Amino acid sequence: MNFKIILFIGFFISLSQVVFAQNDNAPVTQDINRVHTYSDYLADEDGNRLYGVTVKCVNTNSSDVTNNNGEFSINAKFGDIIELSKDGKVINSFIYDKRDLNYEVEDSKEVLFAKKNKEKKVSTFQEAIDSANYFIKRKPSKSIFFVEKALKSTSNTKKNAVAYQTLADVFLELKQFDLAESNYRTAFVTLKKSIPLQLKLAQVLIINKKNAEGKKLFDKIIKNKKAVPFQKIDAYDGIATIHKVQGKTNKAISQLKKALQLAKKHQITPKITDLNSKIANLLSAKGDYDSSQGYMNNSIKSSKKENVNRAIIQRSKAADFYSRNNSIDKEIALRKENLKDIETNEIEAVNVESENDAVISKQKVKYEIGNALEKKKNYSEAIFYYKESAADAKVVEDLETQKEAVQGLSELYVKMGDDSNALINYKKYTKLFDVIYQKKELEIAKAVTQAKELTQQQNRIFGLEKDRELNESKLNLFKSEQNLVSESNRRQKWIIYSLIGGLLLMLLSLFYMLRSNKQRKLTNNLLALKSLRSQMNPHFIFNALNSVNSFIATNDERSANRYLTNFSTLMRSVLENSEQDFIPLEKEVEQLKLYVDLEHTRFEDKFDYSFNIDKNVKISEFQIPPMLLQPYIENAVWHGLRYKNEKGLLDINISQLDDENIKITITDDGIGRLKSKALKSKNQLQQKSKGMQNIKQRVAILNEMYTDKVDVIISDLFEDETGTKVVLTLKKD
C-alpha cells in the first residue's frame, strides 16, 4: 500500500515537471517557501535615490549595492531577514513578506525606516497623497516625493489627476506659479467639474496675469448651484482683484460688496473681516476716506469675534490704513493695543497670510510705534520704542527689524542734532546691512538651486507619465502575444491540467486539512496568551495605583513620590517585555525584587521579606513567561499578610532541582486561603481579581504549546490552614 502511494506521488511529480516545462511563459503562483527575485529602491526623506547602500538577504546570502537610481535586486523568500548597511555599518534590518515595502533613509542619523503597505494599491495611493498633503507646508520637497510615489502606485486616470492637483498645491506653496498652473491644468483635464480645482486654477491664472481666463472660471463658479457660499465669496473676491489690477476701482468695490453681503448672510466671520478691510482700502484709494473708516471699524469689530491672532492682524492692517491717511493718533492707539495683546498672551509672532509672508512680532510693532511717534515729532518716546525694538530683535535674531530700528535711531538722532549717537547707530546699521546682504545672497543662491531641483523633479514626474504610457503599450503587446501562445497550448493541455488539478486538489485538501487544524490550534493559543497578557498589565497597574492613592490619602507625599519613581521604573520594564512569550529569568527576578520592595514600602508594618537564589542556579540559562510570578506574590501580600494581626514574613527561594529544572518557592505565613476567601465574602467584594485565574490559563496554554514547561502547586503552609506555599517548577528550553 505505501509502496503504491510512493509510486503514485512520484509519477505525479514527474508529470507536473513535464507539463510546466512545456509552458515556460505560464504565470507561476507565488509560493511562500520559494526564493523570489526581490527588486525595489531606496530613497531619503526628500525623495533622493540613495547610492552605495548594501542590501543583503541573511538567509540566502544574496546581496546587491544600490545603483545611481537607488535600485537593487536580491534573491529572498518570504520571511527572510533583509539587512541594509552603509560603509560596513548595519543601519537596519527587516523581514521580507508578501507586501510591498518602501523605504526612507535619514542620512543625518543613519537610520532606515521601513514602511509596510498593509492594504491594496488603493490604500497605497491614498496614504501617499495624505502624506503629500501633510508635508505641503512643513516640507514641500518631501511632499513632491510622495506625489511621485502616488503616481507610481496607480494607473487610474482620476487618481493621477488628484496627484497632479496635489503637486500643483505644493508648487503654489513654493510660489512657483508657472509650475502650479501647469499641474492644475493637467488635473483640470480630468476633474473639470471640481469646484475647488476651478477656484485654485483661477487664482493662479490671476497671479500669472491671465485675467480673462481666470474671470471666466470665477463667473462659472458664481453661477454653479453646487458651489458653497465660501467658494462663491472667493470667486467674487477674485473678480474684484482683476478689476483692481485693471484700475476699475468702482467695479472692484461692487464685487467685494456682493461677497460681503453673502458672508454676512451665512455668518462667515473671517470673510466679513477681510472683505470690510479690502473695501476700506479701495474707498481710501478712491479718496472717500469718511466711508472707508466705517468699513475699517467694522473689520476691527468683526476680528474681535475671532481669535487673538486674527484681531492682531486686522488691527495691524487698520494701523497701516490710518498711517497712509495720516491719522497718526489712531495708528499709534491700534499698534499699542497690538503690543499689549502680544505681551499679555506671550505671542512670539503672528504670520500674516499674504504674498510677502509678513510677520507681526513684538519687536516689529515697537518699531512701527516708534516710526509713528517720529512722524508726530515725539522724539523722546520714539527713541524709547526704537531702542526697545532693536534690543528685542537682537534677542530673537530678527536682523531685518533690528536693522530698521537702528536705522530709525540714527536718522532720528540726526534730526535732533545728536551726531555722536547718530554715528554710533549708523555704524551698527552698516554692520547689520552687510550681514543681511550676505544672508540674502545665500537665500538667493538657495532659491536658484531649489528652482533647479523643482524643475528636475517636475521633469522626472512628466517622464514617469511618458514611461507609464510606453510601458502600457508594451504590456498590451505582450498580453496579446501571451494570449496567442496560451490559445495554441490550451487545446493540447486541458486534459493533462484537469488530471493534475484533480490530483492536486485531493493532496492539497488533505495537507491543508491537517495543517489548518494544527495552525488554528496554535493561533488560538497565541491569541489567548496575548489576551491574558493584555489583561495582566491593567490589573497590575490598577493595584499599584491604589497603593499610590493610599499614600496621597494619608498626605505622605515623600513616600508617594518615592513609590511613583520606583513604580515608573518597574512599569518601563514590564511594558518592554509585555509582548514576549518568554523573557530571561534574571529579568523576571529584577522585576520581582522591585515589585516586592514597592509592596513592602506600602505595607512595611505588615510583613518582612527575604529573596534567596541558590548560588548553583544559573538563572541566565532559563526563560520564563513575563509577569508569571508577580500575581502569586501579590496574592500573598494583599490576601494573606495584609490581614494578619502581627507582622508576617514573605519568603522567595530559587533552587536547582537538576540540570534541566529549577524550583521557585513563594511562601507566606499570612491568614491562609480559607480565611481570605471568608473575608472576601464578608466584605461582599463585587469584583473578583483575575490575576490568579489568568495565571492558571497562561500556564495551561504554555504547557500545551511547550510540553509541560511550567508546573505550579499551591498548598497551605501550615496544618491549621494558615499561610500559603506556591511551588513553581520551571524547565530549561
Side-chain angles (χ1 to χ4, degrees), residues 532-552 554 556-615 617-642 647-655 662-670 689-692 694-695 698 710 712 724 726-728 730:
L532 291 171
R533 284 200 306 268
S534 68
Q535 293 175 30
M536 284 299 298
N537 288 336
H539 170 83
F540 163 67
I541 295 170
F542 176 78
N543 285 343
L545 289 178
N546 274 340
S547 295
V548 179
N549 185 51
S550 67
F551 284 127
I552 295 172
T554 57
D556 191 351
E557 183 179 349
R558 180 176 298 177
S559 296
N561 288 335
R562 186 174 73 252
Y563 189 95
L564 276 174
T565 301
N566 293 336
F567 172 65
S568 64
T569 304
L570 177 59
M571 278 306 305
R572 187 179 297 109
S573 176
V574 169
L575 291 176
E576 284 175 356
N577 301 320
S578 62
E579 292 298 319
Q580 305 297 322
D581 288 339
F582 288 91
I583 63 171
L585 179 58
E586 54 190 345
K587 283 191 176 182
E588 180 76 358
V589 168
E590 289 175 6
Q591 291 180 12
L592 285 178
K593 287 181 178 179
L594 189 55
Y595 173 72
V596 173
D597 185 59
L598 287 173
E599 294 291 34
H600 186 253
T601 301
R602 171 69 179 92
F603 301 111
E604 188 174 4
D605 59 334
K606 288 292 183 181
F607 74 96
D608 288 324
Y609 70 92
S610 64
F611 208 120
N612 302 306
I613 302 175
D614 192 334
K615 62 181 180 179
V617 177
K618 298 179 180 179
I619 59 173
S620 60
E621 296 180 357
F622 288 85
Q623 299 280 320
I624 191 169
M627 298 288 289
L628 184 66
L629 300 175
Q630 181 270 338
Y632 293 118
I633 296 174
E634 181 181 331
N635 222 40
V637 174
W638 283 75
H639 302 297
L641 296 168
R642 188 161 65 110
K647 199 169 189 179
L649 175 64
L650 172 67
D651 185 59
I652 303 165
N653 284 287
I654 301 177
S655 59
I662 62 171
K663 181 173 72 174
I664 302 172
T665 306
I666 302 170
T667 60
D668 71 86
D669 58 357
S689 173
K690 294 186 178 181
M692 299 306 297
N694 286 348
I695 287 297
R698 287 179 70 192
V710 179
V712 181
T724 305
V726 179
V727 179
L728 185 143
L730 182 65

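Nothing here was measured: the structure is a model prediction, and the numbers come from that model. No hydrogens, no waters, no symmetry mates; every other heavy atom, side chains included, goes into these values.
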Seminar exercise, completed: Residues Leu650 and Ala636: closest non-hydrogen pair is CD1-CB, 4.0 Å

Exercise. Where is the tightest heavy-atom contact between Ile624 and Leu628, given as atom of each residue plus distance?
Worked result: CG1-CD2, 4.0 Å

Seminar exercise, completed: From the list Asp669, Leu641, Asp608, side chain to side chain contact (heavy atoms under 4.5 Å, CB included) with Lys647 holds only for Asp608

Problem set entry | Gap separating the NZ atom of Lys606 from the CD atom of Glu599, nearest 0.5 angstrom | 14.0 Å

Exercise. How many angstroms lie between OH in Tyr632 and OG1 in Thr667, if you round to the nearest 0.5 Å?
Worked result: 15.0 Å

Seminar exercise, completed: All heavy atoms of Leu629 vs all of Glu588, minimum pair found to be N-OE2, 3.6 Å

Problem set entry | Parallel, tilted or perpendicular: ring planes of Tyr609 versus Phe607, cut at 30 and 60 degrees | tilted

Problem set entry | Note, Val589 side chain near Phe611 side chain (heavy atom, < 4.5 Å) | yes

Exercise. Taking atom CG of Asp605 and atom CZ of Arg642, what is their separation to the nearest 0.5 Å?
Worked result: 11.5 Å

Exercise. With side chains defined as the heavy atoms from C-beta onward, is the minimum distance between Phe622 and Ile662 less than 4.5 Å?
Worked result: yes

Seminar exercise, completed: Nearest heavy-atom contact between Val617 and Ile654 is CG2-O, 3.8 Å

Problem set entry | Closest non-hydrogen atom pair between Gln623 and Pro584, with its separation | OE1-N, 3.6 Å

For this session: Would you name the heavy atoms of Gly670 and Asp668 that are closest together and state the gap between them?
Result: N-OD1, 2.9 Å

Problem set entry | Note, Val726 side chain near Ile664 side chain (heavy atom, < 4.5 Å) | no

For this session: Take Thr665 and Asp651 through the test side-chain contact (heavy atoms from CB on, under 4.5 Å) and record every step on the way to the result.
Result: CA-CA 8 Å; Thr665 306; Asp651 185 59; over 6 Å; no

